[in-house]
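The structure appears right after this line, and notes come after that.
Keep in mind that this is a model prediction, so the values were computed, not measured. Side chains included, hydrogens not; waters and symmetry mates left out as well; all remaining heavy atoms used.
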Amino acid sequence: MNRLQEKYQKEVIPAMLKTFSKKQVLAVARPAKVVVNVGIDRRVNTDAAKMIESMETQLATITGQKPARRGARMSIAGFKIRQGDTVGLAVTLRGNRMWEFLDKLISITLPRVKDFQGVSAKTFDAQGSYSLGIKEQIVFPEIEYDKIFRVSGLQITVVPTIRNKVQAMKMLELLGMPFEKEEKK
């Protein structure tokens with residue numbers, strides 16, 4: 001069992017049961033999946049196939065799972081994109097890989113971000129999913145700067161089982177997600 005998953009079992013579940021007056025363990029929010037996305041910028045005059053291959057390798061290294069290619073739904077002449085061209089890569093993590101990725105994200109990767117003051121608590125949607133943007137993939141310890149084709153950003157979304165914004169935020173807070181402190185005026 002992963003370190004973060006153990007923390008969830010031993011600390012988060014009891015705290016959530018008490019805080020939200022729940023009686024059943026399954027009524028408590030838990031991460032259902034984590035989706036990691038990266039967009040491919042085709043406007044830059046580079047070899048698109050080489051860039052896609054490089055990002056696929058990096059995303060597989062970061063997540064431990066092969067990414068799926070996402071194609072353009074329609075052609076856009078201004079961006080020189082044809083329908084079906086690869087415009088992004090996505091990985092959906094569940095189970096042990098999800099817990100390992102979340103543990104690495106919270107305890108290793110986010111503290112490595114330059115001038116890190118915490119992540120925004122304002123990016124929850126109405127269903128409780130939390131989205132987080134990372135500007136450079138090089139903050140992940142597995143990525144070697146010399147071997148990357150181009151620095152690129154990542155979008156990470158944590159989807160909980162309970163569709164409640166307040167419970168999802170409390171769950172991530174108890175798991176150790178470093179939310180930024182609100183300044184009192």
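Residues forming a side-chain hydrogen bond (donor to acceptor under 3.5 Å, both in side chains) with Ser75 (at least two apart in sequence, or on another chain): none. Scored by the salt bridge (Lys or Arg N to Asp or Glu O under 4.0 Å) test, Glu56 finds Arg69 as partners (sequence neighbours excluded). Under the ring-ring contact (aromatic ring centres under 6.0 Å, His included) criterion, Phe20 pairs with no residue, sequence neighbours left out. The side-chain hydrogen bond (donor to acceptor under 3.5 Å, both in side chains) search around Gln167 returns none, not counting sequence neighbours. With sequence neighbours left out, the side chain to side chain contact (heavy atoms under 4.5 Å, CB included) criterion links Ala72 to Ile81, Val87. In terms of the side chain to side chain contact (heavy atoms under 4.5 Å, CB included) criterion, Pro14 has no residue partners (sequence neighbours excluded). Looking at residues two or more places apart in sequence or on another chain, you find a side chain to side chain contact (heavy atoms under 4.5 Å, CB included) between Ala90 and Asn37, Arg70.
Looking at heavy atoms from C-beta onward, Met171 lies in side-chain contact with Met16 at the 4.5 angstrom threshold. You'll find the side chain of Val38 stays beyond 4.5 Å of the side chain of Gln137, heavy atoms only. At a threshold of 4.5 Å between non-hydrogen side-chain atoms, the residues Leu59 and Leu154 count as touching. In this structure, the side chains of Phe101 and Ile156 come closer than 4.5 Å at one or more pairs of heavy atoms. Using a 4.5 Å heavy-atom cutoff, the side chains of Leu105 and Ile134 are in contact.
Linking ILVMFWY residues whenever their side-chain heavy atoms come closer than 4.5 Å, directly or via other members, leaves Ile108 and Val119 in distinct clusters. Both Phe140 and Met55 belong to a common hydrophobic cluster when Ile, Leu, Val, Met, Phe, Trp and Tyr are linked at side-chain heavy-atom distances under 4.5 angstrom. One hydrophobic cluster holds both Phe179 and Val166 under the rule that ILVMFWY side chains link at heavy-atom gaps under 4.5 Å. Linking ILVMFWY side-chain heavy atoms closer than 4.5 Å, directly or via other members, places Ile143 and Met51 in a single hydrophobic cluster. Linking Ile, Leu, Val, Met, Phe, Trp and Tyr residues whenever their side-chain heavy atoms come within less than 4.5 Å leaves Val35 and Leu102 in two separate clusters.
What you find for Ile40 and Thr86 is that their closest heavy atoms are CB-O, 4.3 Å. Scanning all heavy atoms of the two residues, the minimum distance from Gly39 to Ser152 falls at O-OG, 3.9 Å. A pairwise comparison of heavy atoms in Thr109 and Pro141 identifies OG1-CD, 4.0 Å as the closest pair. The minimum heavy-atom distance linking Pro67 with Leu89 is given by the pair CB-CB, 4.2 Å.
Rounded to the nearest 0.5 angstrom, Ile52 CD1 and Thr57 OG1 are separated by 11.5 Å. Residue Leu93 holds its CG atom at 13.0 Å from CH2 of Trp99, rounded to the nearest 0.5 Å. Here CG of Leu17 is found 9.5 Å from NZ of Lys22. Values are rounded to the nearest 0.5 Å. Between atom CD of residue Gln83 and atom CD1 of residue Ile76 there is a gap of 10.5 Å, rounded to the nearest 0.5 Å.
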Give the table of side-chain donor-acceptor pairs shorter than 3.5 Å for residues 23-32, with sequence neighbours excluded, one pair per line with atom names and distance.
none

Pairs of donor and acceptor atoms involving the side chains of residues 121-130, under 3.5 Å and at least two apart or interchain, shall be tabulated with distances.
residue, atom, partner, partner atom, Å
Thr123, OG1, Ser131, O, 2.7
Asp125, OD1, Gln127, N, 3.1
Asp125, OD1, Gly128, N, 3.0
Asp125, OD1, Ser129, N, 2.8
Tyr130, OH, Ser120, O, 2.6

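For residues 131-144, the pairs satisfying salt bridge (charged side-chain N to carboxylate O under 4.0 Å, His left out) are Lys104-Glu142, Glu144-Lys147, with sequence neighbours left out. Among pairs with a residue in residues 154-176, those fulfilling salt bridge (charged side-chain N to carboxylate O under 4.0 Å, His left out) read Lys170-Glu173, at least two apart in sequence or across chains. Applying the side chain to side chain donor-acceptor pair (under 3.5 Å) rule to pairs touching residues 2-14 yields Arg3-Asp103, Arg3-Ser107, sequence neighbours excluded.
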Does the pair Leu174 and Thr19 meet the rule for a side chain to side chain contact (heavy atoms under 4.5 Å, CB included), with working shown? CA-CA 11 Å; Leu174 290 170; Thr19 303; 5.7 Å; no
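Here the side chain of Ser54 pairs no donor or acceptor atom with the backbone of Lys50 at under 3.5 angstrom.
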